[in-house]
Amino acid sequence: MPRSHAEALVAAKSVFQSALLGWYRIHARQLPWREAPSLYKTVVSEFMLQQTQVKTVLPYFARWLDALPDFAALAAAPEARVLKLWEGLGYYSRARNLHRLAQALAARATPPRTPAEWQELPGVGPYTAAAITSISFDAQAACVDGNVVRILARLTADATEYRDSASASKVFAPLAQALLPPAAPGDHNQAMMELGATVCFRQKPLCLTCPVRKLCAGARQGEPESFPRLAPKQMEQRTVVRVWCERNGALLLHRAPPGAKRLANQHELPTAEHAGLTEAVAIQGELIARKKRGITRYQITECIHRAPPQVARAATRPDLVWVPLDQLDALTLSGPHRRWVAEILARRTP
Ligand code: SF4
């Protein structure tokens, strides 16, 4: 990054800090984890917000706090209940890690207070550790994620091309740390996040209303949107063939084994392989839905075909279960699968 812009920014850091914090104190969105904040609310919200937008998280957060109001309640809850409450948010390892984290905290007299100690807990990386400890314990730890990288790359008009956001985060971490004020570091971190979420948009940033515009080299140069420069993502195309198989008012689903890395104990429509078919045979059945979704670097096309009759007769694998259609709601289905099943069932309702 251009040293002169970064050095100028650090030299003006008290102006930067007070402009940012002053703006945040007036314009911060009212979010449930910011009202009467607690360590528990901060931890739950930080886990839910990993890779998920605020507006998606809001109803989940409210339901979660009603059902599991503190670490003790979460630690004591069965995993099936935890996963059910998380259903639809995706990336279920977050829910399992949060559950294990609550159990680890329940075994201690007091919670840890430093980022290094928090990073030893399940599911807590450098960003989450910095967010939790700066907000809850005033730790001097700057949060650096894609939002912060975008703001700092624009403030310094950094034209370096980075492989991805993670490698850019490493480069910007010292600058983020240098800009952190000794007082209220948690508010500063939240203000940076808020600026990224509500003003310094990826496209069409609202520079005219930005509290730190006077310190922004990218805005001065006239093309802030061109920062940061990230190498285009290489997306890999994949096709998954699934089957739709019904018998006597029940739907055949695949339940991932308890030790599965992804989706443990959750249900999905079976793949051709789960149903004992080759893909070539499965795709001969009527195509009843084609869905696209992106997971990390994969662009996945999911094709759901009506299963041939032999699948129902031969569905004896222990990880295949028949679920009565009127009991689907009680089951933990991964989010997209619940939508697809509901959509397919709705289509044939008169
Ligand atoms: Fe982002 Fe514009 Fe503010 Fe610079 S002036 S930080 S580009 S919103």
Side-chain angles (χ1 to χ4, degrees), residues 51 77-100 103 122-123 236-346 348:
Q51 292 159 319
E79 186 181 90
R81 180 150 186 249
V82 171
L83 292 176
K84 185 71 189 151
L85 283 163
W86 199 273
E87 184 185 292
L89 263 185
Y91 300 100
Y92 289 83
S93 57
R94 293 181 295 173
R96 274 189 289 273
N97 281 332
L98 183 53
H99 193 203
R100 286 168 48 219
Q103 289 165 342
E236 212 172 288
Q237 303 289 330
R238 286 200 171 171
T239 301
V240 178
V241 176
R242 297 187 183 271
V243 295
W244 178 274
C245 185
E246 266 182 78
R247 185 181 68 184
N248 304 329
L251 181 64
L252 188 67
L253 293 174
H254 174 258
R255 182 175 53 216
K261 213 166 155 204
R262 279 188 66 240
L263 305 171
N265 286 325
Q266 288 190 64
H267 300 78
E268 292 198 334
L269 291 167
T271 61
E273 188 196 342
H274 294 143
L277 301 173
T278 63
E279 291 192 351
V281 170
I283 61 172
Q284 286 171 21
E286 177 198 356
L287 176 66
I288 51 179
R290 178 184 276 122
K291 301 288 173 188
K292 285 193 185 289
R293 60 172 168 158
I295 300 182
T296 59
R297 65 190 176 86
Y298 299 107
Q299 183 68 50
I300 304 174
T301 305
E302 306 255 8
C303 300
I304 305 167
H305 291 262
R306 199 172 296 287
Q310 74 262 27
V311 170
R313 289 195 297 272
T316 52
R317 284 172 50 146
D319 53 356
L320 291 177
V321 287
W322 288 103
V323 182
L325 294 177
D326 58 5
Q327 289 175 27
L328 285 172
D329 281 351
L331 211 69
T332 309
L333 264 168
S334 83
H337 285 250
R338 182 169 294 289
R339 280 199 305 281
W340 302 339
V341 168
E343 194 184 304
I344 293 168
L345 291 174
R348 61 190 195 188

Kindly check if the number of other-residue, nucleotide or ligand heavy atoms within 6.0 Å of [atom1] ([X]) is above 12?
{"X": "Arg255", "atom1": "CZ", "value": "no"}
{"X": "Arg290", "atom1": "CZ", "value": "no"}
{"X": "Glu273", "atom1": "CD", "value": "no"}

Do you know the tightest heavy-atom contact between [X] and [Y]?
{"X": "Trp86", "Y": "Tyr91", "answer": "NE1-O, 3.9 Å"}
{"X": "Glu246", "Y": "Trp322", "answer": "C-CZ3, 3.9 Å"}
{"X": "Thr332", "Y": "Ala80", "answer": "OG1-O, 4.3 Å"}
{"X": "Val241", "Y": "His305", "answer": "CG1-CD2, 3.9 Å"}
{"X": "Trp340", "Y": "Glu302", "answer": "CH2-CG, 3.6 Å"}

Separation between [atom1] of [X] and [atom2] of [Y], rounded to the nearest 0.5 Å:
{"X": "Leu85", "Y": "His99", "atom1": "CG", "atom2": "NE2", "answer": "10.5 Å"}
{"X": "Leu253", "Y": "Arg242", "atom1": "CG", "atom2": "CZ", "answer": "10.5 Å"}
{"X": "Thr278", "Y": "Ile283", "atom1": "OG1", "atom2": "CD1", "answer": "8.5 Å"}

* Arg100 and Asn97: side-chain donor and acceptor closer than 3.5 Å? -> yes

* Would you kindly say whether Glu268 and Ser334 are connected by a side-chain donor-acceptor distance under 3.5 Å? => yes

* **Pair Arg297 + Glu236: basic N to acidic O under 4.0 Å** => yes

* Asked: So, Glu87 side chain and Leu333 main chain: donor-acceptor pair closer than 3.5 Å or not?
  -> yes

* Asked: Taking only residues at least two apart or on different chains, which pairs with a member in residues 244-279 satisfy ring pair (Phe, Tyr, Trp, His ring centres under 6.0 Å)?
  -> His254-His274

* Identified side chain to side chain contact (heavy atoms under 4.5 Å, CB included) partner of Leu269 from the options Ile304, Val240, Leu252 -> Ile304

